[in-house]
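A quick write-up on the structure given underneath.
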Amino acid sequence: MRINRRDFLAVSGVGVATVAAARCGVPPATEAGKVPVLGLIFPPADRGIPEEGVAMYGNSLKFVVTGLGVEKMTPEGFDAVMERIPAAAKKLAAAGAEAIELTGTSLTFYKGESYNQRLRAIVTEASGLRATTMSNGVIEGLKAVGAKKVAVATAYNEDVNERLRAFLQEHGLTAAVITGLGIEAMADVDRVSQQDLIDFGERVRKSAPDADSLLVSCGGFRTLELIAPLEARTGVPVVSSMPHGLWAGARLVGLSGAAPGYGQLLSRRS
(Lines give C-alpha, C1' and ligand atoms only; values in the text may rest on other atoms or scores of the structure.)
Protein backbone atom coordinates (compact mmCIF):
# COMPACT_ATOMS: atom_id res chain seq x y z
CA MET A 1 0.00 0.00 0.00
CA ARG A 2 1.38 3.41 -0.93
CA ILE A 3 2.28 5.65 1.98
CA ASN A 4 1.35 9.24 1.28
CA ARG A 5 4.22 11.55 2.22
CA ARG A 6 1.95 14.25 3.56
CA ASP A 7 0.24 11.74 5.87
CA PHE A 8 3.63 10.55 7.10
CA LEU A 9 4.85 14.07 7.73
CA ALA A 10 1.65 14.98 9.53
CA VAL A 11 2.46 12.30 12.06
CA SER A 12 6.23 12.72 12.14
CA GLY A 13 6.69 16.49 11.88
CA VAL A 14 8.83 18.57 9.53
CA GLY A 15 11.82 20.88 9.66
CA VAL A 16 14.97 20.06 11.58
CA ALA A 17 14.09 16.84 13.36
CA THR A 18 16.01 14.00 14.95
CA VAL A 19 14.60 10.57 14.26
CA ALA A 20 15.75 7.03 14.81
CA ALA A 21 15.93 5.15 11.57
CA ALA A 22 15.75 1.23 10.71
CA ARG A 23 18.26 -1.35 11.80
CA CYS A 24 20.86 -2.19 9.21
CA GLY A 25 23.09 -5.05 10.19
CA VAL A 26 24.49 -3.32 13.28
CA PRO A 27 23.50 -3.55 16.95
CA PRO A 28 20.85 -1.15 18.28
CA ALA A 29 21.90 1.93 20.23
CA THR A 30 21.47 0.25 23.61
CA GLU A 31 24.08 -2.34 22.61
CA ALA A 32 26.46 -0.32 20.47
CA GLY A 33 26.46 3.03 22.27
CA LYS A 34 26.06 6.33 20.49
CA VAL A 35 23.82 6.33 17.42
CA PRO A 36 25.31 8.18 14.42
CA VAL A 37 23.53 11.28 13.14
CA LEU A 38 23.23 12.04 9.42
CA GLY A 39 22.22 15.50 8.24
CA LEU A 40 20.14 15.75 5.07
CA ILE A 41 19.65 18.88 2.96
CA PHE A 42 16.52 18.41 0.86
CA PRO A 43 15.54 20.43 -2.23
CA PRO A 44 11.99 21.31 -1.04
CA ALA A 45 11.60 23.60 1.95
CA ASP A 46 9.11 21.43 3.83
CA ARG A 47 10.48 17.90 3.39
CA GLY A 48 10.55 16.18 6.77
CA ILE A 49 12.39 13.12 7.96
CA PRO A 50 12.84 10.51 5.22
CA GLU A 51 10.28 7.77 5.74
CA GLU A 52 12.39 5.46 3.60
CA GLY A 53 15.32 6.04 5.93
CA VAL A 54 13.17 5.10 8.91
CA ALA A 55 12.16 1.88 7.16
CA MET A 56 15.76 1.09 6.21
CA TYR A 57 17.66 1.88 9.39
CA GLY A 58 15.29 2.00 12.36
CA ASN A 59 17.14 2.75 15.59
CA SER A 60 20.61 2.45 14.05
CA LEU A 61 20.67 5.93 12.54
CA LYS A 62 19.27 9.35 13.40
CA PHE A 63 18.51 12.16 11.00
CA VAL A 64 18.46 15.92 11.19
CA VAL A 65 16.96 17.60 8.13
CA THR A 66 16.41 20.95 6.49
CA GLY A 67 15.33 22.21 3.05
CA LEU A 68 16.35 24.71 0.38
CA GLY A 69 13.00 25.73 -1.08
CA VAL A 70 13.43 24.44 -4.65
CA GLU A 71 10.17 24.96 -6.52
CA LYS A 72 11.05 23.60 -9.96
CA MET A 73 13.32 20.75 -11.06
CA THR A 74 14.97 22.82 -13.75
CA PRO A 75 18.44 24.38 -14.00
CA GLU A 76 16.89 27.77 -13.26
CA GLY A 77 15.08 26.37 -10.25
CA PHE A 78 18.31 24.90 -8.89
CA ASP A 79 20.34 28.04 -9.58
CA ALA A 80 17.90 30.04 -7.47
CA VAL A 81 18.69 28.15 -4.24
CA MET A 82 22.42 27.45 -4.44
CA GLU A 83 23.34 30.35 -2.18
CA ARG A 84 21.23 28.78 0.59
CA ILE A 85 23.37 25.65 0.87
CA PRO A 86 26.03 26.99 3.29
CA ALA A 87 23.43 28.19 5.80
CA ALA A 88 21.61 24.86 5.56
CA ALA A 89 24.85 22.97 6.23
CA LYS A 90 25.63 25.15 9.27
CA LYS A 91 22.11 24.57 10.58
CA LEU A 92 22.54 20.79 10.42
CA ALA A 93 25.95 20.92 12.07
CA ALA A 94 24.45 22.94 14.92
CA ALA A 95 21.67 20.34 15.20
CA GLY A 96 24.20 17.56 15.81
CA ALA A 97 24.91 16.09 12.37
CA GLU A 98 28.14 14.10 12.10
CA ALA A 99 28.09 14.11 8.29
CA ILE A 100 25.83 15.72 5.70
CA GLU A 101 24.25 14.56 2.46
CA LEU A 102 23.01 17.07 -0.08
CA THR A 103 20.03 15.27 -1.56
CA GLY A 104 18.28 15.88 -4.83
CA THR A 105 19.75 13.86 -7.66
CA SER A 106 19.21 16.45 -10.39
CA LEU A 107 20.19 19.25 -8.00
CA THR A 108 23.64 17.70 -7.71
CA PHE A 109 24.27 16.34 -11.23
CA TYR A 110 22.85 19.16 -13.36
CA LYS A 111 26.18 20.93 -13.86
CA GLY A 112 28.34 17.82 -14.07
CA GLU A 113 30.79 16.03 -11.79
CA SER A 114 33.09 18.97 -11.14
CA TYR A 115 30.15 20.98 -9.79
CA ASN A 116 28.94 17.98 -7.81
CA GLN A 117 32.38 17.93 -6.17
CA ARG A 118 32.17 21.67 -5.56
CA LEU A 119 28.82 21.24 -3.81
CA ARG A 120 30.34 18.69 -1.45
CA ALA A 121 33.18 21.10 -0.75
CA ILE A 122 30.73 23.94 -0.04
CA VAL A 123 28.90 21.79 2.52
CA THR A 124 32.15 20.74 4.19
CA GLU A 125 33.52 24.29 4.24
CA ALA A 126 30.34 25.62 5.84
CA SER A 127 29.86 22.81 8.37
CA GLY A 128 33.28 21.31 9.02
CA LEU A 129 31.74 17.88 8.35
CA ARG A 130 32.19 15.12 5.80
CA ALA A 131 29.76 15.41 2.93
CA THR A 132 28.28 13.46 0.06
CA THR A 133 25.46 13.96 -2.42
CA MET A 134 22.57 11.91 -3.69
CA SER A 135 24.24 11.76 -7.08
CA ASN A 136 27.28 10.20 -5.44
CA GLY A 137 24.99 7.56 -3.92
CA VAL A 138 23.47 6.76 -7.31
CA ILE A 139 26.86 6.43 -9.00
CA GLU A 140 28.29 4.35 -6.16
CA GLY A 141 25.21 2.13 -6.27
CA LEU A 142 25.42 1.58 -10.02
CA LYS A 143 29.10 0.72 -9.82
CA ALA A 144 28.51 -1.60 -6.87
CA VAL A 145 26.07 -3.69 -8.94
CA GLY A 146 28.44 -3.76 -11.91
CA ALA A 147 26.35 -1.52 -14.15
CA LYS A 148 27.75 -0.42 -17.47
CA LYS A 149 24.71 0.10 -19.72
CA VAL A 150 21.80 1.60 -17.80
CA ALA A 151 18.11 1.99 -18.57
CA VAL A 152 17.10 5.26 -16.89
CA ALA A 153 13.59 6.21 -15.75
CA THR A 154 13.33 9.78 -14.45
CA ALA A 155 10.90 12.43 -13.33
CA TYR A 156 12.61 15.07 -15.49
CA ASN A 157 12.20 17.05 -18.67
CA GLU A 158 14.43 16.49 -21.70
CA ASP A 159 17.00 19.12 -20.74
CA VAL A 160 17.61 17.59 -17.32
CA ASN A 161 17.60 14.09 -18.83
CA GLU A 162 20.40 15.04 -21.22
CA ARG A 163 22.39 16.48 -18.33
CA LEU A 164 21.97 13.17 -16.52
CA ARG A 165 23.17 11.31 -19.62
CA ALA A 166 26.31 13.44 -19.65
CA PHE A 167 26.86 12.94 -15.91
CA LEU A 168 26.63 9.17 -16.27
CA GLN A 169 29.11 9.30 -19.16
CA GLU A 170 31.56 11.17 -16.93
CA HIS A 171 31.47 8.12 -14.66
CA GLY A 172 31.97 5.58 -17.44
CA LEU A 173 28.29 4.61 -17.63
CA THR A 174 26.22 4.50 -20.81
CA ALA A 175 22.53 5.37 -20.77
CA ALA A 176 20.89 2.78 -23.02
CA VAL A 177 17.73 4.86 -22.82
CA ILE A 178 16.56 7.81 -20.70
CA THR A 179 12.82 8.34 -20.43
CA GLY A 180 11.33 11.05 -18.23
CA LEU A 181 7.87 11.97 -17.01
CA GLY A 182 8.44 15.63 -17.83
CA ILE A 183 7.82 16.83 -14.28
CA GLU A 184 9.14 20.27 -13.40
CA ALA A 185 7.11 21.47 -10.40
CA MET A 186 8.27 19.89 -7.13
CA ALA A 187 4.66 19.71 -5.98
CA ASP A 188 3.78 17.36 -8.86
CA VAL A 189 6.19 14.60 -7.79
CA ASP A 190 3.81 13.34 -5.08
CA ARG A 191 1.10 12.79 -7.69
CA VAL A 192 2.99 9.81 -9.13
CA SER A 193 1.78 6.64 -7.41
CA GLN A 194 3.87 3.60 -6.64
CA GLN A 195 1.89 1.63 -9.22
CA ASP A 196 2.70 4.32 -11.77
CA LEU A 197 6.38 4.02 -10.86
CA ILE A 198 6.62 0.24 -11.07
CA ASP A 199 4.83 0.22 -14.44
CA PHE A 200 7.01 3.08 -15.68
CA GLY A 201 10.23 1.41 -14.58
CA GLU A 202 9.28 -1.87 -16.22
CA ARG A 203 8.33 -0.09 -19.44
CA VAL A 204 11.63 1.81 -19.58
CA ARG A 205 13.62 -1.38 -19.00
CA LYS A 206 11.71 -3.17 -21.78
CA SER A 207 12.60 -0.35 -24.16
CA ALA A 208 16.30 -1.15 -23.64
CA PRO A 209 16.61 -4.94 -23.63
CA ASP A 210 20.41 -4.80 -23.66
CA ALA A 211 20.60 -2.72 -20.48
CA ASP A 212 22.28 -4.43 -17.53
CA SER A 213 20.65 -2.28 -14.84
CA LEU A 214 17.80 0.15 -14.16
CA LEU A 215 18.13 3.57 -12.55
CA VAL A 216 15.05 5.35 -11.19
CA SER A 217 16.14 8.96 -10.77
CA CYS A 218 14.26 11.42 -8.57
CA GLY A 219 14.69 11.65 -4.82
CA GLY A 220 11.06 12.64 -4.45
CA PHE A 221 9.76 9.29 -5.71
CA ARG A 222 8.91 6.74 -3.02
CA THR A 223 10.67 3.67 -4.42
CA LEU A 224 12.12 1.68 -1.52
CA GLU A 225 9.41 -0.97 -1.56
CA LEU A 226 9.51 -1.14 -5.36
CA ILE A 227 13.16 -2.11 -5.79
CA ALA A 228 12.81 -5.86 -5.22
CA PRO A 229 9.59 -6.17 -7.30
CA LEU A 230 11.18 -4.18 -10.12
CA GLU A 231 14.24 -6.41 -10.05
CA ALA A 232 11.98 -9.45 -10.26
CA ARG A 233 10.06 -7.98 -13.21
CA THR A 234 13.04 -6.66 -15.15
CA GLY A 235 15.74 -9.22 -14.36
CA VAL A 236 18.37 -6.54 -13.63
CA PRO A 237 19.57 -4.76 -10.48
CA VAL A 238 17.73 -1.54 -9.66
CA VAL A 239 19.26 1.61 -8.18
CA SER A 240 17.00 4.45 -7.05
CA SER A 241 17.73 7.94 -5.81
CA MET A 242 16.43 8.12 -2.25
CA PRO A 243 17.17 4.56 -1.05
CA HIS A 244 20.67 4.47 -2.51
CA GLY A 245 21.36 8.06 -1.52
CA LEU A 246 20.53 7.08 2.06
CA TRP A 247 22.71 3.99 1.65
CA ALA A 248 25.65 6.25 0.78
CA GLY A 249 24.89 8.56 3.70
CA ALA A 250 24.70 5.65 6.14
CA ARG A 251 28.09 4.44 4.95
CA LEU A 252 29.50 7.93 5.45
CA VAL A 253 28.69 7.78 9.18
CA GLY A 254 30.15 4.30 9.60
CA LEU A 255 27.26 1.91 8.98
CA SER A 256 27.36 -0.85 6.39
CA GLY A 257 24.39 0.63 4.54
CA ALA A 258 22.66 -2.73 4.34
CA ALA A 259 18.86 -2.83 4.52
CA PRO A 260 17.91 -6.46 3.80
CA GLY A 261 14.78 -7.10 1.76
CA TYR A 262 15.03 -3.99 -0.40
CA GLY A 263 16.76 -5.27 -3.50
CA GLN A 264 20.10 -6.74 -4.42
CA LEU A 265 22.47 -4.01 -3.31
CA LEU A 266 20.73 -3.00 -0.09
CA SER A 267 20.53 -6.64 0.97
CA ARG A 268 24.30 -6.98 0.98
CA ARG A 269 25.84 -7.05 4.44
CA SER A 270 29.11 -5.42 3.44
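Bear in mind that the values here come from a model prediction, so they are computed numbers and not experimental data.
The side-chain heavy atoms of Leu142 and Leu173, taken from C-beta on, include a pair separated by under 4.5 Å. With contacts defined as side-chain heavy-atom distances shorter than 4.5 Å, the pair Glu113/Glu170 qualifies. Residues Leu246 and Glu52 meet the side-chain proximity criterion, which asks for heavy atoms closer than 4.5 Å. Contact check for Leu266 versus Leu224: side-chain heavy atoms found under the 4.5 Å cut-off. The closest side-chain heavy-atom distance from Val253 to Leu61 is below 4.5 Å. Side-chain contact between Leu214 and Val150 is absent, with no heavy atoms from C-beta onward closer than 4.5 Å. Using a 4.5 Å cut-off on side-chain heavy atoms (C-beta onward), Asn116 and Asn136 make contact. For the pair Thr154 and Leu215, the minimum side-chain heavy-atom distance is 4.5 Å or more.
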Quiz item: Step by step, would you call Phe221 with Leu226 a side-chain contact (heavy atoms from CB on, under 4.5 Å)?
Solution: CA-CA 10 Å; Phe221 285 156; Leu226 306 184; over 6 Å; no
Quiz item: Going through the checks in order, is the salt bridge (Lys or Arg N to Asp or Glu O under 4.0 Å) test met by Glu162 and Arg165?
Solution: CA-CA 5 Å; Glu162 288 308 307; Arg165 184 190 301 276; 3.2 Å; yes
Exercise. Apply side-chain contact (heavy atoms from CB on, under 4.5 Å) to the pair Leu107 and Leu102, showing each step before the final yes or no.
Key: CA-CA 9 Å; Leu107 177 73; Leu102 178 59; 4.0 Å; yes
Self-check item: side-chain contact (heavy atoms from CB on, under 4.5 Å) assessment of Asp199 paired with Arg233
Solution: CA-CA 10 Å; Asp199 292 343; Arg233 287 195 188 192; 3.6 Å; yes
Quiz prompt | side-chain contact (heavy atoms from CB on, under 4.5 Å) assessment of Lys62 paired with Leu38 | solution = CA-CA 6 Å; Lys62 294 180 181 179; Leu38 177 63; over 6 Å; no
Practice problem: Any chance you could lay out the salt bridge (Lys or Arg N to Asp or Glu O under 4.0 Å) test for Arg203 and Asp196, step after step, and finish with the verdict? | Solution: CA-CA 10 Å; Arg203 186 167 68 251; Asp196 292 336; over 6 Å; no
Practice problem: Evaluate the criterion salt bridge (Lys or Arg N to Asp or Glu O under 4.0 Å) for residue pair Glu98 and Lys34; output intermediate values, then yes/no. | Solution: CA-CA 12 Å; Glu98 298 168 27; Lys34 188 174 182 295; 2.4 Å; yes
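Minimum heavy-atom separation, Val65 to Gly48: CG2-C, 3.9 Å. The shortest non-hydrogen separation linking Met134 to Gly104 is SD-N, 3.6 Å. Of all non-hydrogen atoms in Gly263 and Ala228, the two that sit nearest each other are N-CB, 4.0 Å. When all heavy atoms are compared, the tightest approach of Met186 to Pro43 is CE-CB, 4.1 Å.
In terms of the side chain to side chain donor-acceptor pair (under 3.5 Å) criterion, residue partners of Lys149 (sequence neighbours excluded) are, by chain and number, Asp210. Applying the side-chain contact (heavy atoms from CB on, under 4.5 Å) test to Lys148 and every residue at least two apart in sequence or in another chain returns Asp212. Shown here are the side-chain contact (heavy atoms from CB on, under 4.5 Å) partners of Pro229, two or more places apart in sequence or in another chain: Ile198. Listed by chain and number, the residues in a side-chain contact (heavy atoms from CB on, under 4.5 Å) with Arg130 are Ala99, Leu252 (sequence neighbours excluded). Gln169 pairs by the side chain to side chain donor-acceptor pair (under 3.5 Å) definition with nothing, not counting sequence neighbours. Judged as a side chain to side chain donor-acceptor pair (under 3.5 Å), and not counting sequence neighbours, the contacts of Ser135 are Thr108. Listed by chain and residue number, nothing satisfies the side-chain contact (heavy atoms from CB on, under 4.5 Å) test with Ala166 (two or more places apart in sequence, or in another chain). Take Gln264 and apply the side chain to side chain donor-acceptor pair (under 3.5 Å) test, not counting sequence neighbours, and it matches no residue.
The ring pair (Phe, Tyr, Trp, His ring centres under 6.0 Å) contacts involving residues 72-107 comprise Phe78-Tyr110, where partners must be two or more places apart or lie in separate chains. Among pairs with a residue in residues 68-85, those fulfilling salt bridge (charged side-chain N to carboxylate O under 4.0 Å, His left out) read Asp79-Lys111, at least two apart in sequence or across chains. Sequence neighbours left out, the pairs with a member in residues 142-166 that pass ring pair (Phe, Tyr, Trp, His ring centres under 6.0 Å) are Phe109-Tyr156.
To the nearest 0.5 Å, atom CD of residue Glu158 and atom OG1 of residue Thr179 are 8.0 Å apart. From Leu92, atom CG reaches atom CG of Leu40 across 7.5 Å, with rounding to the nearest 0.5 Å. The OG atom of Ser127 sits 10.0 Å away from the NZ atom of Lys90 when rounded to the nearest 0.5 Å. Atom CZ of Arg118 and atom CD1 of Ile85 lie 10.5 Å apart (nearest 0.5 Å). With values rounded to the nearest 0.5 angstrom, Lys143 atom NZ is found 14.0 Å from Leu265 atom CG. Atoms CZ and CG, on Arg205 and Leu230 in that order, are 11.5 Å from each other to the nearest 0.5 Å.
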Could you list the donor-acceptor pairs under 3.5 angstrom formed between side-chain atoms of residues 236-245 and any protein atom two or more places apart in sequence or on another chain?
unit_1, atom_1, unit_2, atom_2, d
Ser240, OG, Val216, O, 3.4
Ser240, OG, Thr223, OG1, 2.6
Ser241, OG, Thr105, OG1, 2.7
Ser241, OG, Cys218, N, 2.9
His244, ND1, Ser240, N, 2.9
His244, ND1, Ser240, O, 3.2

